[in-house]
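Quick caveat: nothing in here was measured; it's all calculated off a predicted structure. For this chain, numbers begin at 1 and follow the sequence in order.
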Amino acid sequence: MITHLRGTVVLGDEHEVGEAWIVGDRLTLEQPVEPAETTLDGWVLPGLVDVHCHIGLAADGPVDDGEAEAQARADRDSGVLLVRDAGSPADTRWVDHRRDLPRLLRAGRHLALTKRYLRHYGRELTDPAQLPQAVREEAHRGDGWVKLVADWIDRDLGPDGDLRPLWPADVLSDAVAAAHAAGARVTAHTFSHEAIDPLLDAGVDCLEHATGATPAQIARIAAAGVPVTATLLQVGQFEAIAAQGEVRYPRFAARMRAMHARRYDHVRDLHDAGVRVLVGTDAGGTIDHGRVADEAAEMVRAGLPAHDVVAAASWRTRDWLGVPGIAEGASADVVVYDADPRADVAALASPRAVVLRGVRVR
């Protein structure tokens, strides 16, 4: 089966061509000898990437394989053909054998402490000193990534309960070093500013949310070249989270409200400082799958250029993750649009065609 891709075929930031072809399940930039059976016209992008997604997870914890498949299909149909699964309690290794579902790069289970994260989500350790060994184990279960929960509300403080770091600095350093020795990178959930400097000191590879980062910390994140996943759909829920907790935990509620109020300024400050801002929906838990277009629109609303947001949702992040986009011999994973999303990010919500491993799935 040969498919002719025609129009604007985006290979990278400054590189686009007028046509490419799908032969079987591979891409080629050289015209095949045999004629194409079908043609897809439009703006052709490498398959989208959701870099913070949780396939196999729902609000109350792990889901069965049928629900996990429905989640993966929703992501796929939105144009997301590559997922960095940022922590899941479900075993989704079976997805690797399904050619009709997105490619997953797993981070194993979230690593947290007992009673210091959402119930049934993470792997709860009873002692912080257990973290380096747990990281080694999750590195072998994942696909090159490990996910740490770096801060969460400490309910034992009663009315003074607030976001607090989970891990001592020396334990964090040992844990990140253990991941790197196992060939894995580390990403960390963090809402508070208190957790960020120890993470950077430890050599963390990515930050999720980073909503509490101060101007000095943003400058340090940029200098270290550490990406941040904005997760604006998730941060958009902070006001509701604050309302739920304000009677018992007023300090925590006040902090969450402050971060909610400046969420757009925060993401724009990251971008303006030169931080690589990644596109991740945080789907799973309380956010539906298949909402990458909504997350991208929120980032543009925050003031990021549409071109940068679309690039982060596609070829730039594929390159960062080490997964090819549109290139000679690469897997034929592309999304086709009637309009250029780089000019109007709203176009991401309406793909004309989604092709995964050479097969049109939408």
Side-chain angles (χ1 to χ4, degrees), residues 50-78 80 83-95 98 101-102 104-126 134 137-138 141-142 145-156 161-164 166 187-192 208-209 211 229 231-249 252-253 256 259-260 280-292 294-295:
D50 190 338
V51 81
H52 188 129
C53 190
H54 305 281
I55 291 174
L57 176 67
D60 297 326
V63 300
D64 61 26
D65 290 355
E67 179 59 26
E69 178 179 345
Q71 293 174 343
R73 284 181 177 274
D75 292 324
R76 181 201 69 187
D77 291 349
S78 73
V80 170
V83 170
R84 186 188 63 169
D85 197 315
S88 177
D91 181 0
T92 57
R93 186 62 61 183
W94 57 271
V95 174
R98 290 284 300 273
L101 298 179
L104 296 189
L105 299 178
R106 298 167 189 78
R109 296 194 69 175
H110 308 71
L111 290 173
L113 289 172
T114 302
K115 296 183 179 180
R116 292 297 304 279
Y117 194 49
L118 295 163
R119 292 182 62 190
H120 310 305
Y121 276 39
R123 176 179 171 185
E124 297 183 356
L125 309 181
T126 58
E137 293 165 1
E138 295 303 320
R141 295 190 182 112
W145 284 93
V146 175
K147 172 74 175 293
L148 307 182
V149 177
D151 59 30
W152 198 253
I153 184 172
D154 189 343
R155 296 177 178 83
D156 290 341
D162 198 359
L163 296 171
R164 293 288 184 270
L166 271 68
T187 194
H189 158 102
T190 173
F191 289 157
S192 72
E208 309 302 312
H209 322 295
T211 44
T229 313
T231 64
L232 278 169
L233 292 176
Q234 182 63 263
V235 183
Q237 300 187 131
F238 278 14
E239 171 61 35
I241 294 170
Q244 292 172 356
E246 63 185 337
V247 173
R248 295 181 64 187
Y249 307 109
F252 167 76
M256 297 297 280
M259 292 188 294
H260 176 268
T281 62
D282 208 354
T286 59
I287 295 175
D288 290 338
H289 286 257
R291 297 191 62 191
V292 68
D294 294 334
E295 180 67 27

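Between the side chain of D50 and the backbone N or O of T281 there is at least one donor-acceptor pair closer than 3.5 Å. Using a distance-only test at 3.5 Å, with no hydrogens or angles considered, no donor-acceptor pair links the side chain of Y249 to the main chain of A242. Side-chain atoms of H260 do not come within 3.5 Å of backbone N or O of Q237 as any donor-acceptor pair. Here the side chain of R93 pairs a donor or acceptor atom with the backbone of R141 at under 3.5 angstrom.
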Evaluate side-chain contact (heavy atoms from CB on, under 4.5 Å) for D75 paired with C53, printing each intermediate quantity in order.
CA-CA 9 Å; D75 292 324; C53 190; 3.5 Å; yes

Working note: D288 + Q71, criterion side-chain contact (heavy atoms from CB on, under 4.5 Å); need CA distance, chi angles, decisive distance, verdict.
CA-CA 8 Å; D288 290 338; Q71 293 174 343; over 6 Å; no

Do L118 and W152 pass the side-chain contact (heavy atoms from CB on, under 4.5 Å) test, and can you show the C-alpha distance, the side-chain angles, and the key distance before you say yes or no?
CA-CA 9 Å; L118 295 163; W152 198 253; 3.7 Å; yes

For the pair L111 and K147, evaluate side-chain contact (heavy atoms from CB on, under 4.5 Å) and give the outcome as yes or no after the intermediate values.
CA-CA 6 Å; L111 290 173; K147 172 74 175 293; over 6 Å; no

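The aromatic rings of Y117 and H110 lie tilted to each other, with the angle between the two planes from 30° to 60°.
Of the inter-residue distances, the one linking F191 atom CZ with T231 atom OG1 reads 7.0 Å to the nearest 0.5 angstrom. To the nearest 0.5 Å, atom CZ of residue R155 and atom CG of residue D162 are 12.0 Å apart. Interatomic distance, L101 CG to E69 CD, rounded to the nearest 0.5 Å: 5.5 Å. Taken from CG in L113 to CG in L166, the straight-line distance is 4.5 Å, to the nearest 0.5 Å. Here the straight-line distance linking atom NE2 of H289 with atom CG of L57 works out to 7.5 Å at 0.5 Å rounding. To the nearest 0.5 Å, atom CZ of residue R98 and atom CG of residue L104 are 11.5 Å apart.
Checked against a 6.0 Å centroid threshold, the rings of H52 and H189 do not count as neighbours.
Side-chain atoms of D294 and L233, non-hydrogen and from C-beta on, do get closer than 4.5 Å to each other.
Pairing each heavy atom of L163 with each of S192, the nearest pair is CB-CB, 3.9 Å. G245 and A253 make their closest contact through C-CB, 4.4 Å (heavy atoms, listed as atom of the first residue, atom of the second, distance). Nearest heavy-atom pair, G56 versus A90, reported as atom, atom and distance to 0.1 Å: O-CB, 3.4 Å. When all heavy atoms are compared, the tightest approach of S78 to G290 is CB-O, 3.6 Å. Shown here for G108 and E138, the closest heavy-atom pair between the two residues is CA-OE1, 3.5 Å. Scanning all heavy atoms of the two residues, the minimum distance from R116 to I153 falls at NE-O, 3.4 Å.
Sparse packing is recorded around CZ of R248, with 12 or fewer heavy atoms of other residues, nucleotides or ligands lying under 6.0 Å away. The number of heavy atoms from other shown groups lying within 6.0 Å of CZ (R119) does not exceed 12.
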Show the atom names and distances, to 0.1 Å, of all donor-acceptor pairs under 3.5 Å that link a side chain in residues 59-68 to residues at least two apart or in another chain.
residue : atom : partner : partner atom : Å
D64     : OD1  : G66     : N            : 3.2
D64     : OD1  : E67     : N            : 2.8
D65     : OD1  : W94     : NE1          : 3.3

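Under 4.0 Å is where a charged nitrogen must lie from a carboxylate oxygen, and between R109 and E137 no such pair does. A salt bridge does not link K115 with E124: every distance from a Lys NZ or Arg NE/NH1/NH2 to an Asp or Glu carboxylate oxygen is 4.0 Å or more. Between R291 and E295, no side-chain nitrogen of the basic residue sits less than 4.0 Å from a carboxylate oxygen of the acidic one, so the salt-bridge criterion is not met.
In this structure, R106 is not positioned above the aromatic face of W145 in the sense of NZ or CZ being under 6.0 Å from the six-membered ring centre and within 45° of the axis.
No donor-acceptor contact under 3.5 angstrom links the side chains of T190 and E208, judged on distance only.
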